[in-house]
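What follows is a short report on a single structure.
Lettering follows sequence order; numbering is per chain, from 1.
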Amino acid sequence: MAASWRSAKDAAIVAGLLLIPVALLVSFVRGPERLGPFDRAVRRIVVPLEAGVSYATRMVGAFFERWILQARLQEENAVLRGQVRDLERMVRRLRSLADENEELRRALQMREKAADDLLVAERVGVEQSPHFRVIGVRIDRGRGQVRPDMPVIAPDGVVGRIDRTYDDYSEVMLITDPRSRVAVELPRTRAQGILVGAGEDLCEVEVPEEFDVRAGDLVQTSGVDDIFPKGQPIGAVRSIEARPDGTKRLMVTPFVAFDRLFVMWVVLAPAPRPDPKAERPPQIPPASGLAPAR
Amino acid sequence: MVRLATFVVLLLAGIAVAGGLADALHGTVFVPAAPAILTVHLAWSGVTLPMGVGLAILAGYLQDLDSGGVIGLSALAYGLAFVGLHRIARRISAPGAVGRALWSGLWTLLVDVWVAVGLYVLLPWVRLAHLAERSVWQGVFWHVAATALWAPAVWLAADRIYARVGLFRRGLAVEGGGARR
């Protein structure tokens, strides 16, 4: 009797409990416009619960999202690192090509401006000092193309002269070589002298003390040695030292950066000097346009 | 009360983990029905029928809230299914991981089918039912498989936690502990 009573009580409770989801279902199925007081009460209870469950799901979802995202980011990071390496390599190559392009462009412009008979030459080797300064250059022009003592110039100024020639290449004696001699002048003061190499990236020249030489003055070839064409820039005066024998010793820094020199020109023959007896070309009268002739 | 709260917290945690996984992986992986596993576990833990039905309805209700579907549909499915499950649990034991996985999978299948049928019936009244009904049918296999796969682990974790807090064995009305041999 007691067991059956308990069973009936349980069944009643279960039926009552099952009515709750039915009520919820009916409340949900009805549209918001048909909500009764009971439905509104149900919704009022449901909304905060729903928000709580959604919040908890979102939080845990965000945790997993971060976790998965981190793994994905690590993979993406490895790929991007590889791409950065490739791009850096490409940038280095492009910079090198840009430098070479600039050098070639300047060399070409120089060739178009110069009246001398020039032969382009490319650097194929260098000789370095113990301090890694360039003290000698080899070019790709051999015995059949150039001869010793031919001047070598670059867009920035004088490089030196051909020292020795071989079958396929030649050695260039730089103007900084102690054996080098170049007839020079200072265009501002008209002072002249012989420029002698003074070792690494430096030359010196002696001029009479009456010339007012200042640091920064331009030094260029004077052409009196019949080797270097006149007016080629060499460098700038860096320091001046008065000497007891009535001269000034000028230290000159060359304009040419020998360590960044890749293309240069060998002067095969200087430009012919202007003939003073030659006839002047006839002057072309200025255009009168559409104005009436007078 | 504290023990009941523990059950609810476990339910919420299970729903949040499953829902979070589904969100993070865009629903493309096995996502278990954590409330289903906990409810099946409840049936074999010897809880009284009214208490079990009440908790099953609560589990279904929380599942409804999480899925954003028709409120009350899963709750009703869980509650009704628990009545049958409770009778089964009194006669058949669920030993070992395979048995637990099997029962959890079957339970999930039953609830999923009930929800899908319910959605189909409610289609004329519920605007979102059409899409939901479709997604239920498409995901039912994976849902069942994922639930079966996760069931032993969740079951074991629930055993440990319930033992620690003394849930059901002492706090709620117990009929004698699971299957009658």
Original post:
Within a radius of less than 6.0 Å around CZ of A:Arg123, do more than 12 heavy atoms belonging to other residues, nucleotides or ligands occur?
Top reply: yes
Original post:
Any idea which heavy atoms bring B:Gly72 and A:Pro21 closest together, and the distance?
Top reply: O-CB, 3.6 Å
Original post:
Got B:Thr48 and A:Asp10 here, is their nearest side-chain heavy-atom distance under 4.5 Å?
Top reply: no
Original post:
Which answer fits A:Leu18, side chain, backbone, both or neither, if we ask what part of it has an atom under 4.5 Å from a heavy atom of chain B?
Top reply: both
To the nearest 0.5 Å, what is the distance between [atom1] ([X]) and [atom2] ([Y])?
| X | Y | atom1 | atom2 | answer |
| --- | --- | --- | --- | --- |
| B:Ser74 | A:Leu25 | OG | CG | 10.0 Å |
| B:Leu49 | A:Ile13 | CG | CD1 | 9.5 Å |
| A:Ile20 | B:Leu76 | CD1 | CG | 11.5 Å |

Original post:
Non-hydrogen atoms of chain A under 4.5 Å away: do they reach the side chain of B:Ile57, the backbone, both or neither?
Top reply: side chain
